[in-house]
2 protein chains.
Amino acid sequence: MASLGELERAVMDLLWAGQEAATANTLRDQLARTSAAQGGPGHEGKELAVTTVLTVLSRLEKKGLVERERGTRPHRYQAVSSRADHTAELMHEVLGSAPDREAVLARFIGSVSEGEAETLRKLLGHV
Amino acid sequence: MASLGELERAVMDLLWAGQEAATANTLRDQLARTSAAQGGPGHEGKELAVTTVLTVLSRLEKKGLVERERGTRPHRYQAVSSRADHTAELMHEVLGSAPDREAVLARFIGSVSEGEAETLRKLLGHV
DNA sequence: CTCAAACTTCTACGTTTCGTAGAAGTTCAA
DNA sequence: TTGAACTTCTACGAAACGTAGAAGTTTGAG
C-alpha cells in the first residue's frame with residue numbers, strides 16, 4: 001500500500017507544499033493552476049469536480065497519509081507526515097524487504113552525488 | 001512502473017536466488033514448492049499453469065526486469081540486474097522524486113541500525 | 001423557523017494492472 | 001510427417017484509481 005496514483009500524488013504535493021490545512025475547494029483550484037502551468041500554454045487548467053478531490057482525499061485518509069479536521073464545516077485536510085518523513089519511510093520500506101540489506105546500501109551509496117555523500121558523512125559522523 | 005504484483009515478485013525472488021537462467025517450467029515447480037513451504041502444512045503447493053508463468057515473465061520482460069534467451073528452445077529467463085542493484089535503484093527512484101533530497105537522507109539515516117550506520121561510514125570513507 | 005446554498009457521503013463507471021489460464025500457432029525429434 | 005513440447009494470443013475477474021453525478025446533511029440568511 002505504498003504507491004500513489006497521479007492525482008493522489010498531485011494532491012499530496014500540494015498538502016506537503018502548503019503550511020496550513022486546506023479545504024477540498026482550495027485544492028481543486030490549486031490543482032487547476034498547477035496542471036495549467038505544467039501543461040504549458042493553451043493547456044487550460046482543468047477544473048476537476050470537487051467530489052473528485054474529496055474522493056481522492058478520502059482514499060488518502062484511508063491510506064493514512066492525510067488527516068482531516070471534521071469539526072470545521074468545510075473540512076480541512078493536511079498531510080500526516082512531512083514529505084521528507086514519508087519519503088524516508090518509503091525508502092526504508094523498499095530496503096526492508098531485502099534480505100541483503102548491506103549489499104543494497106553499498107549499491108545505493110555507490111550512486112550518490114559527492115555533495116550528498118558529504119551530507120551523509122556528517123550525519124553519521126559522531127559514533 | 002516500479003511496483004510488482006505478488007506473483008511477479010515471487011518470480012523475481014526465484015530468479016534472483018538462482019544462479020542460472022531458468023525455464024518457465026522450472027519456475028512453475030519452484031513456485032509450487034515455495035508456496036507450499038510458506039503456506040504451512042495442509043497447504044499444498046499450488047501448481048500454476050505454465051502459461052501463467054509465461055505471462056508473468058513476459059510482463060517482467062516488458063518492464064525491463066527480466067531477459068530471455070530466445071535461442072534455446074525452452075527459452076531461459078534471468079534477472080537483468082541483481083536484487084541488490086534493483087533495490088538500490090528503487091531507493092534512488094523514491095528519493096529522486098523529492099525536491100528536498102538532503103532532508104530525506106537525514107530522516108533516512110536517523111532510523112538506520114547502528115550496525116548499518118557503521119557499514120555506511122565505511123562505504124563513505126569516513127574522514 | 002424555513003429554505004436554499006454549501007458541503008459531505010454514497011454510488012458508479014471507465015481504465016489500467018495483475019493473477020490466471022485456455023486456445024491457437026510453432027518447432028523439433030522420432 | 002506428425003505428435004509432443006513450447007510459445008504466443010486472447011481473455012476474464014478483481015483491485016486500484018480518475019472521475020463525477022445523485023442523494024443526504026448542515027448552516028446561514030431572511
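Hydrogens, waters and symmetry mates play no part in the numbers below; they use all other heavy atoms, side chains included. Naming: A, B, ... by sequence-line order, numbering from 1 per chain. As the structure is a prediction and not an experimental result, all values here were calculated from the model.
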J.: Just how far, in rounded Å, is P of D/dA16 from CD of B/Glu6?
T.: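 Distance, rounded to whole Å: 12 Å.
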J.: Salt bridge or not between B/Lys63 and B/Glu8? Use side-chain N to carboxylate O under 4.0 Å.
T.: yes
J.: Any side-chain N or O of A/Thr52 less than 4.0 Å from the OP1 or OP2 oxygen of D/dA20?
T.: yes
J.: Do B/Glu20 and B/Arg76 sit within salt-bridge range, that is, some charged N less than 4.0 Å from a carboxylate O?
T.: no
J.: Strictly below 4.0 Å: does B/Lys62 bring a side-chain N or O up to OP1 or OP2 of C/dC18?
T.: no
J.: Heavy-atom nearest nucleotide on DNA chain C for A/Asn25 versus B/Val53: which residue maps closer to 5'?
T.: A/Asn25
J.: Heavy atoms under 4.0 Å, any strand shown: does A/Leu7 hit a base, just sugar-phosphate, or nothing?
T.: sugar-phosphate
J.: Between C/dA21, D/dT8, C/dC28, which one does the side chain of B/Arg73 approach most closely?
T.: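 The closest nucleotide is C/dC28.
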J.: Of the nucleotides C/dT20, D/dG18, C/dC7, which has the atom closest to the A/Arg59 side chain?
T.: D/dG18
J.: Round to the nearest Å and state the distance from A/Arg9 atom CZ to D/dA16 atom P.
T.: 18 Å
J.: Separation of A/Leu4 atom CG from D/dG18 atom C1', in whole Å?
T.: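 Roughly 14 Å, once rounded to whole Å.
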J.: Just the rounded figure in Å: distance from C1' of C/dC7 to CZ of A/Arg76.
T.: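 After rounding, the reported distance stands at 14 Å.
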J.: Measure CZ/A/Arg70 against C1'/C/dT8 and give the value in whole Å, please.
T.: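 One finds 9 Å between C1' of C/dT8 and CZ of A/Arg70, rounded.
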J.: Rounded to the nearest Å, what distance is computed from the CG atom of residue B/Leu54 to the P atom of nucleotide C/dT26?
T.: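 Rounded to whole Å, this separation is 17 Å.
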J.: Considering only side-chain heavy atoms of A/Ser3, which listed nucleotide, C/dT8, D/dG18, D/dC17, is closest?
T.: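 So the side chain of A/Ser3 is nearest to D/dC17.
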J.: Apply ring-ring contact (aromatic ring centres under 6.0 Å, His included) to B/Phe108 and list each qualifying residue two or more places apart in sequence or on a separate chain.
T.: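 Testing B/Phe108 for ring-ring contact (aromatic ring centres under 6.0 Å, His included), a comparison that skips the adjacent residues, returns A/His92.
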J.: To the nearest Å, how far apart are A/Glu47 CD and D/dG18 P?
T.: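 The answer, rounded to whole Å, is 18 Å.
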J.: Hey, which of B/Glu61, B/Arg68, B/Glu67 is the one that makes side-chain hydrogen bond (donor to acceptor under 3.5 Å, both in side chains) with B/Tyr77?
T.: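 Going through the options one by one, the only one that passes is B/Arg68.
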J.: Using a 4.0 Å heavy-atom cut-off across all strands, classify B/Thr55 as base, sugar-phosphate, or nothing.
T.: base
J.: If I take atom OH in residue B/Tyr77 and atom C1' in nucleotide D/dT8, what distance separates them, rounded to the nearest angstrom?
T.: 10 Å
J.: Report yes if at least one side-chain N or O of B/Lys63 is closer than 4.0 Å to OP1 or OP2 of C/dT17; otherwise report no.
T.: no
J.: Kindly point out which of C/dC7, C/dG19, C/dT9 is positioned nearest to the side chain of B/Glu8?
T.: C/dG19
J.: Measuring from atom CD of B/Glu102 to atom CG of B/Leu95, what distance do you get when rounded to the nearest 0.5 angstrom?
T.: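 Taking CD in B/Glu102 and CG in B/Leu95, the distance rounds to 10.0 Å.
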J.: Ignoring backbone atoms, establish whether A/Arg68 has a side-chain N or O less than 4.0 Å from OP1 or OP2 of C/dC7.
T.: no
